[in-house]
Amino acid sequence: MKVILNQTVPKVGKEGTVVNVADGFARNYLFPRGLAIVADKTQIGALEKRNARVAAKTAGLKSDAQALREKINGATVRIPGQVGAAQGKLFGAITNADVTDAIKAQLGVTLDRKQVALVDPIKRLGDHSIELDLHREVEARITVTVFDPNAPVETPAPAAEDTEANEDEE
């Protein structure tokens, strides 16, 4: 089924594009959430007019988005998460708003939470690759590291030379 996306949907397409998806995916996921509409002739005509308006409006913003991508693409952001007894599972979840707050605090860049393409909230510790939709034609990827702030910090084992030197002194 051909649909027009109202919002960027990760692994499907960007806002304002016509994509072909499975019927059930469209009926059960995209339509109820308002993420897409059926692509018929009238909707495609309206889409072309809207895309022309948006392109004229955002022409100057593309260069700003590209400069921003150069600054943050490939960066790593660390977010603390409260972990339950079963290590690895978070009590809450890391959402788009949490990611934008961490980017602002650690990288000094202000983003809208809608620019963070996070399908489901993060519920596990570890590294997660996240796509940022900076402009219709400009994307960036960052790595979000979710860690337990109460976990003991691992210290590196002493080098072999230090151990031998200590044995000689005794």
Side-chain angles (χ1 to χ4, degrees), residues 2-22 25-26 29-39 42-83 88 90-149 151 153-154:
K2 287 193 177 217
V3 296
I4 300 171
L5 296 176
N6 292 334
Q7 292 181 14
T8 299
V9 180
K11 299 183 182 179
V12 177
K14 291 187 151 246
E15 176 184 357
T17 58
V18 178
V19 295
N20 195 17
V21 297
F25 181 64
Y29 184 80
L30 296 175
F31 296 155
R33 289 171 176 78
L35 299 175
I37 55 174
V38 177
T42 58
Q43 294 296 339
I44 291 175
L47 172 69
E48 290 172 358
K49 290 178 185 175
R50 185 175 65 173
N51 282 345
R53 282 194 313 266
V54 169
K57 182 177 159 184
T58 62
L61 300 176
K62 184 176 178 184
S63 60
D64 295 340
Q66 287 174 335
L68 184 60
R69 177 181 62 188
E70 295 301 320
K71 183 176 179 181
I72 65 175
N73 196 27
T76 300
V77 177
R78 293 177 48 88
I79 300 176
Q82 296 297 322
V83 180
L90 298 176
F91 275 130
I94 305 298
T95 62
N96 296 7
D98 297 326
V99 174
T100 56
D101 292 343
I103 290 172
K104 184 175 183 178
Q106 296 175 23
L107 302 178
V109 175
T110 303
L111 294 176
D112 184 24
R113 66 178 179 82
K114 292 180 181 178
Q115 291 178 306
V116 177
L118 194 60
V119 179
D120 294 320
I122 299 171
K123 296 184 179 182
R124 295 219 172 256
L125 294 177
D127 295 339
H128 305 275
S129 181
I130 294 180
E131 185 176 309
L132 302 175
D133 191 16
L134 304 176
H135 184 270
R136 292 182 80 134
E137 300 171 10
V138 181
E139 297 173 350
R141 280 192 119 19
I142 63 166
T143 302
V144 173
T145 302
V146 181
F147 67 97
D148 182 6
V153 178
E154 295 180 15

Undergrad: Given the rule in the side-chain contact (heavy atoms from CB on, under 4.5 Å) test, do Asn6 and Leu35 qualify, once you have shown the distances and angles that lead to the verdict?
TA: CA-CA 5 Å; Asn6 292 334; Leu35 299 175; 5.8 Å; no
Undergrad: Between CD1 of Ile122 and OG1 of Thr145, what distance do you get to the nearest 0.5 Å?
TA: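 It comes to 9.5 Å.
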Undergrad: State, yes or no, whether a side-chain contact exists between Asn73 and Arg141 at a heavy-atom distance under 4.5 Å.
TA: yes
Undergrad: Begin with the C-alpha distance, continue with both residues' side-chain angles, and end with the deciding distance and a verdict on side chain to side chain donor-acceptor pair (under 3.5 Å) for Asp127 and Thr143.
TA: CA-CA 6 Å; Asp127 295 339; Thr143 302; over 6 Å; no
Undergrad: Identify the heavy atoms of Gln66 and Val138 that sit nearest to each other, and give their distance.
TA: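 Distance-wise, the nearest heavy atoms are CG-CG2, 3.7 Å.
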Undergrad: Any idea which heavy atoms bring Thr100 and Val116 closest together, and the distance?
TA: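 Closest approach of Thr100 to Val116, heavy atoms only: CG2-CG2, 3.5 Å.
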Undergrad: With rounding to the nearest 0.5 Å, note down the distance linking CG in Leu111 to CG in Leu132.
TA: 6.0 Å
Undergrad: Take Lys62 and Glu137, measure what salt bridge (charged side-chain N to carboxylate O under 4.0 Å, His left out) needs, and give me the verdict at the end.
TA: CA-CA 8 Å; Lys62 184 176 178 184; Glu137 300 171 10; 2.6 Å; yes
Undergrad: Let me confirm one number: the CG-CG distance from Asn96 to Leu118, rounded to the nearest 0.5 Å.
TA: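 So the CG of Asn96 and the CG of Leu118 are separated by 5.0 Å.
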Undergrad: Give, for atom NE2 of His128 and atom CD1 of Ile142, the distance between the pair rounded to the nearest 0.5 Å.
TA: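 Result: 12.0 Å between the selected atoms.
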Undergrad: Does Thr95 offer a backbone N or O that forms a donor-acceptor pair with the side chain of Asp98 under 3.5 Å?
TA: yes
Undergrad: Counting N and O atoms only, with roles assigned by atom type, does the side chain of Lys2 sit under 3.5 Å from a partner on the main chain of Val21, one being a donor and the other an acceptor?
TA: no
Undergrad: Quick one: closest heavy-atom pair of Leu68 and Leu134, and the distance?
TA: CD2-CD2, 4.0 Å
Undergrad: Quick one: does Phe31's side chain get under 4.5 Å of Val38's, heavy atoms only?
TA: yes
Undergrad: Do you know which two heavy atoms are closest between Ile72 and Ala140, and how far apart they sit?
TA: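 Where Ile72 meets Ala140 most closely, the heavy atoms are CG1-CB, 4.5 Å.
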Undergrad: At their closest point, which heavy atom of Thr110 faces which heavy atom of Lys104, and how far apart are they?
TA: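 Taking Thr110 first and Lys104 second, the nearest heavy atoms are OG1-CE, 3.8 Å.
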Undergrad: Which pair of non-hydrogen atoms, one from Arg50 and one from Gly16, has the smallest distance, and what is that distance?
TA: NH2-CA, 4.0 Å
Undergrad: Between Val144 and Val99, is any pair of side-chain heavy atoms under 4.5 Å apart?
TA: yes
Undergrad: Any donor-acceptor pair under 3.5 Å linking the side chain of Gln115 with the backbone of Asp112?
TA: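 Judged by distance alone, yes, a pair lies under 3.5 Å.
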Undergrad: Taking the side chain as every heavy atom from C-beta outward, state whether Glu139 and Lys14 have any pair of such atoms under 4.5 Å apart.
TA: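 Yes, their side chains come closer than 4.5 Å.
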Undergrad: May I ask you to test the Leu5-Glu15 pair for a side-chain heavy-atom distance under 4.5 Å?
TA: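 SC-SC contact between Leu5 and Glu15 ruled out.
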Undergrad: Got a second to check how far Phe25's CZ is from Leu30's CG, nearest 0.5 Å?
TA: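 It comes to 4.0 Å.
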Undergrad: Distance check, rounded to the nearest 0.5 Å: Asp148 atom CG versus Leu90 atom CG?
TA: 8.5 Å
